[in-house]
*Asks:* 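Once you've had a glance at the structure underneath, I'll fire off some questions.
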Amino acid sequence: MTQQNVVVSDPKSGINLTIPVKVPVSNSSALFTTAAQKPPPGPGSCITISRKTLVEINGNNSARINSWVESMRASSPTHHKSSPALSDDLNSWMVQHPSALDMFEQIISASKGKQIVMFLDYDGTLSPIVEDPDQAFMSDAMRATVRKLARYFPTAIVSGRCRDKVYSFVRLAELYYAGSHGMDIKGPSKGSKYKKGAQAVLFQPASEFLPMIDEVYKELVDITKSTEGVRVENNKFCASVHFRCVDEKKWGELAQQVRSVLKEYPKLRLTQGRKVLEIRPTIKWDKGKALEFLLESLGYANCTDVFPVYIGDDRTDEDAFKVLRERDQGFGILVSKTPKDTHASYSLQEPSEVMVFLRRLVEWKKLSLRRQFRIRRQIEEMKASLRN
């Protein structure tokens with residue numbers, strides 16, 4: 001266990017309160033990890049989850065490097081093929097993970113009487129995946145949709161990106177932002193009725209790793225500069241090696257380069273996302289932990305009347321999907337056009353479908369509030385009539 005701090009700041013008074021928090025540190029020597037456990041099935045669930053075993057990159061074992069490259073290929077398909085067999089696989093997968101649009105009424109029914117809280121990944125969820133990570137802009141239509149969503153539900157953006165970078169893309173001050181896979185969390189600076197008074201939540205459980213991440217980032221930039229197409233991004237509390245534009249024949253070489261840097265940093269671990277390698281501190285903190293922290297910050301830690309919804313497209317979002325299954329509250333929605341092993345309950349194919357889903361959620365809430373207002377007015381009118 002390492003002790004980190006939660007800083008709760010009051011912008012009006014300028015007072016910062018620092019609260020010590022115990023954060024567990026992973027003892028694993030694995031440089032590449034995935035969620036390995038099967039989640040407990042939810043009520044009525046028939047989903048079967050299988051996960052790849054952990055791949056450790058130790059020594060100069062080329063077989064392990066090859067295994068890692070195969071895992072990179074499996075999680076980052078370069079193209080989609082059409083065949084009857086794959087079509088059958090997709091149909092079978094869709095039975096287990098139906099479209100959240102098709103199941104919208106069932107979803108609303110399940111959330112009846114509960115407070116919906118929205119958690120949204122950014123890349124591949126609110127914006128399309130693009131070759132240049134710095135050009136992953138969300139559309140004005142999507143921004144307007146998310147702004148409306150936050151009027152009716154507490155809403156958080158949970159991303160592997162640096163928090164400041166995500167904010168520069170989204171530009172909505174009324175949201176919660178959890179950057180660097182939840183290792184940098186800040187609450188709304190204005191406009192949220194869900195914020196506790198004037199306090200902004202700020203949580204950085206891996207602050208002691210900042211110098212190390214900076215050092216590793218510079219080394220990764222230097223060692224990969226000869227690999228065409230690679231992009232190394234400093235996400236403050238983690239570093240990302242994007243290989244979307246790297247020739248697949250060079251992935252093994254890239255894996256070896258990253259390994260040669262990380263072998264000198266036992267306190268860092270390597271995880272894999274959608275055509276990106278993520279270098280993170282070994283503390284047991286991820287998007288799932290960030291979800292739980294935000295729910296607690298909102299006052300929903302032990303509530304039975306909360307309904308969290310998490311939408312994401314990446315392997316790193318599985319930690320959050322798994323938390324929702326274990327809590328048996330709310331559900332996860334995976335954004336994907338192809339079948340994937342997932343802890344999510346539902347699916348959407350692309351960001352455009354995410355926007356349609358969010359809009360339907362907003363319209364449902366607006367209609368629900370209007371209905372409640374009409375009923376209250378009718379009751380008041382009846383009371384007034386009886387008094388007269």
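If you're wondering where the values come from, they're calculated on a predicted model, not measured in any experiment.
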*Asks:* Could you check V230 against L220 for side chain to side chain contact (heavy atoms under 4.5 Å, CB included), going step by step and ending with a plain yes or no?
*Replies:* CA-CA 10 Å; V230 72; L220 288 170; over 6 Å; no
*Asks:* Counting only N and O atoms by type, is there a donor-acceptor contact under 3.5 Å from the side chain of E318 to the main-chain atoms of H343?
*Replies:*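 Such a contact is found between E318 side chain and H343 backbone.
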*Asks:* Quick one: pull up CG in D123 and CG in D313 and give me the separation to the nearest 0.5 Å.
*Replies:*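 It is 7.5 Å, given to the nearest 0.5 Å.
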*Asks:* Would you call L172 and I157 a side-chain contact if the rule is heavy atoms closer than 4.5 Å?
*Replies:*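 Contact flag for L172/I157 side chains = no.
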*Asks:* Only pairs at least two apart or in different chains count here, so list each salt bridge (Lys or Arg N to Asp or Glu O under 4.0 Å) that has a residue in residues 228-242.
*Replies:*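 Only D132-R231, D134-R231, R161-E233, D184-K236 qualify under salt bridge (Lys or Arg N to Asp or Glu O under 4.0 Å).
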*Asks:* Are V258 and V221 connected into the same hydrophobic cluster when the rule is that any two of I, L, V, M, F, W, Y join if their side-chain heavy atoms are below 4.5 Å apart?
*Replies:*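 Yes; tracing contacts between hydrophobic side chains, which count when under 4.5 Å, links both residues.
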*Asks:* For the atom pair CZ (F209) and CD1 (I279), what is the distance rounded to the nearest 0.5 Å?
*Replies:*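 One gets 14.0 Å once the value is rounded to the nearest 0.5 Å.
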*Asks:* Okay, side chain of S109, backbone of E105: is any donor-acceptor separation there less than 3.5 Å?
*Replies:*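 Absent.
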*Asks:* For W93 and T338, indicate whether the former's side chain and the latter's backbone hold a donor-acceptor pair under 3.5 Å.
*Replies:*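 A pair under 3.5 Å: no.
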*Asks:* Does Q106 CD have over 12 foreign heavy atoms under 6.0 Å away?
*Replies:*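 Check passes, neighbour count above 12.
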*Asks:* Quick one: list whatever passes side chain to side chain contact (heavy atoms under 4.5 Å, CB included) with D247, sequence neighbours left out.
*Replies:*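 Result, side chain to side chain contact (heavy atoms under 4.5 Å, CB included) vs D247: K249, K250.
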*Asks:* Please check if the side chain of S159 supplies one atom and the backbone of G179 the other of a donor-acceptor pair under 3.5 Å.
*Replies:*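 Absent.
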*Asks:* For R171 and Y177, which heavy atoms make the closest approach, and how far apart are they?
*Replies:*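 Answer, listing the atom of R171 first, then Y177: N-OH, 4.1 Å.
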*Asks:* Using side chain to side chain contact (heavy atoms under 4.5 Å, CB included) as the criterion, list what pairs up with S139, not counting sequence neighbours.
*Replies:*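 With neighbours one apart ignored, the set is A141, M142.
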*Asks:* Measure the CZ-CG distance between R274 and D317 for me, rounded to the nearest 0.5 Å.
*Replies:*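 Taking CZ in R274 and CG in D317, the distance rounds to 10.5 Å.
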*Asks:* Under the rule for side chain to side chain contact (heavy atoms under 4.5 Å, CB included), what residues qualify as partners of E264, not counting sequence neighbours?
*Replies:*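 Partners of E264 under the side chain to side chain contact (heavy atoms under 4.5 Å, CB included) test: none.
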*Asks:* Looking only at non-hydrogen atoms, find the nearest pair between I185 and A178 and report the distance.
*Replies:*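 For I185 versus A178, the nearest heavy atoms are CG1-CB, 3.8 Å.
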*Asks:* For H97 and S347, work out which heavy atoms get closest and say how close.
*Replies:*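 Nearest pair, atom of H97 first, then S347: O-OG, 2.8 Å.
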*Asks:* Please examine the side chains of P154 and Q115, heavy atoms only from C-beta on, and report whether any two atoms are closer than 4.5 Å.
*Replies:*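 Heavy-atom side-chain distance check passes, below 4.5 Å.
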*Asks:* Does Q257 have any side chain to side chain contact (heavy atoms under 4.5 Å, CB included) partners at least two apart in sequence or in another chain, and if so, which?
*Replies:*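 By the side chain to side chain contact (heavy atoms under 4.5 Å, CB included) rule, Q257 matches I223, T224, S226, T227, E253, L254.
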*Asks:* Mind checking side chain to side chain donor-acceptor pair (under 3.5 Å) for T316 and listing every partner two or more places apart, or none if nothing turns up?
*Replies:*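 Checked T316 against side chain to side chain donor-acceptor pair (under 3.5 Å); matches are K287, D314.
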*Asks:* Between T125 (side chain only) and L120 (backbone N and O only), is there a donor and an acceptor less than 3.5 Å apart?
*Replies:*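 It does not hold such a pair.
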*Asks:* Is there any ring-ring contact (aromatic ring centres under 6.0 Å, His included) pair reaching into residues 218-242, and which pairs are they, with sequence neighbours excluded?
*Replies:*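 Of all non-adjacent pairs touching residues 218-242, none passes ring-ring contact (aromatic ring centres under 6.0 Å, His included).
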*Asks:* What's the verdict on side chain to side chain contact (heavy atoms under 4.5 Å, CB included) for V306 and L298, showing C-alpha distance, side-chain angles and the deciding distance?
*Replies:* CA-CA 10 Å; V306 64; L298 287 163; over 6 Å; no
*Asks:* Mind checking whether E292 and R327 have side chains closer than 4.5 Å, heavy atoms only?
*Replies:*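 Yes, close enough: below the 4.5 Å cut-off.
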*Asks:* List for me each residue that meets ring-ring contact (aromatic ring centres under 6.0 Å, His included) alongside F331, sequence neighbours excluded, and say none if there are none.
*Replies:*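 So F331 forms a ring-ring contact (aromatic ring centres under 6.0 Å, His included) with F307, Y346.
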*Asks:* Applying salt bridge (charged side-chain N to carboxylate O under 4.0 Å, His left out), can you list everything that pairs with D140, at least two apart in sequence or on another chain?
*Replies:*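 R143.
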*Asks:* Where do A344 and R325 come nearest, in terms of heavy atoms and distance?
*Replies:*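 In terms of heavy atoms, the two residues are closest at O-NH2, 3.7 Å.
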*Asks:* Check whether any side-chain heavy atom of V354 lies under 4.5 Å from a side-chain heavy atom of L358, and answer yes or no.
*Replies:*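 Yes, side chains in contact.
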*Asks:* If only atom types and distance count, is the side chain of T282 paired as donor or acceptor with the main-chain N or O of R269 below 3.5 Å?
*Replies:*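 No: the side chain of T282 does not pair with the backbone of R269.
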*Asks:* Flag the pair Y176 / V117 as yes when at least one side-chain heavy-atom distance between them is below 4.5 Å, and no otherwise.
*Replies:*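 A side-chain contact is absent here, since even the closest heavy-atom pair is not under 4.5 Å.
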*Asks:* Quick one: side chain to side chain donor-acceptor pair (under 3.5 Å) pairs with a partner in residues 211-222, sequence neighbours left out?
*Replies:*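 Every pair satisfying side chain to side chain donor-acceptor pair (under 3.5 Å) with a residue in residues 211-222: D214-N234, E215-Y265, E219-Y265, D222-K225.
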*Asks:* Can you tell if the side chain of E174 reaches within under 4.5 Å of the side chain of R151, non-hydrogen atoms only?
*Replies:*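 A side-chain contact is absent here, since even the closest heavy-atom pair is not under 4.5 Å.
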*Asks:* Taking all non-hydrogen atoms of both residues, which atom of S127 and which atom of P351 are closest, and how far apart?
*Replies:*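 Closest approach of S127 to P351, heavy atoms only: O-CG, 3.7 Å.
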*Asks:* Scan residues 346-361 for pairs that pass salt bridge (Lys or Arg N to Asp or Glu O under 4.0 Å), counting only residues two or more places apart or in two chains.
*Replies:*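 The answer is K337-E350.
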*Asks:* To the nearest 0.5 angstrom, please state how far the CZ atom of F321 sits from the CD1 atom of I333.
*Replies:*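 Separation between the atoms: 8.0 Å.
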*Asks:* Applying ring-ring contact (aromatic ring centres under 6.0 Å, His included), which residue pairs with at least one partner in residues 105-133 are found, sequence neighbours left out?
*Replies:*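 Qualifying pairs, neighbours excluded: Y122-F169.
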*Asks:* I need the F153 CZ to L361 CG distance, nearest 0.5 Å.
*Replies:*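 With rounding to 0.5 Å, CZ (F153) is 4.0 Å from CG (L361).
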*Asks:* When you look at F137 and V130, which way does the side chain to side chain contact (heavy atoms under 4.5 Å, CB included) test go after all the steps?
*Replies:* CA-CA 9 Å; F137 301 112; V130 294; over 6 Å; no
*Asks:* Test side chain to side chain contact (heavy atoms under 4.5 Å, CB included) on D286 and R280; report intermediate values, then the result.
*Replies:* CA-CA 10 Å; D286 50 39; R280 300 193 240 169; 4.0 Å; yes
*Asks:* To the nearest 0.5 Å, what is the distance between OG on S240 and CG on L277?
*Replies:*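 Interatomic distance, S240 OG to L277 CG, rounded to 0.5 Å: 9.0 Å.
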*Asks:* Take a 6.0 Å sphere around NZ of K186 and say whether it holds more than 12 heavy atoms from other residues, nucleotides or ligands.
*Replies:*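 Open.
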*Asks:* Linking I/L/V/M/F/W/Y whenever any side-chain heavy atoms sit under 4.5 Å apart, do F243 and I129 land together?
*Replies:*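 As far as the 4.5 Å side-chain criterion goes, I129 and F243 are not connected within one cluster.
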*Asks:* Answer whether the closest heavy-atom distance between the side chains of T145 and L149 falls below 4.5 Å.
*Replies:*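 No. Closest side-chain heavy atoms not under 4.5 Å.
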*Asks:* Give the minimum heavy-atom separation between A150 and T155, together with the two atoms involved.
*Replies:*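 Shortest heavy-atom contact: CA-OG1, 3.6 Å.
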*Asks:* For the residue pair Q372 and L369, establish whether any side-chain heavy-atom pair is separated by less than 4.5 Å.
*Replies:*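 Yes. Closest side-chain heavy atoms under 4.5 Å.
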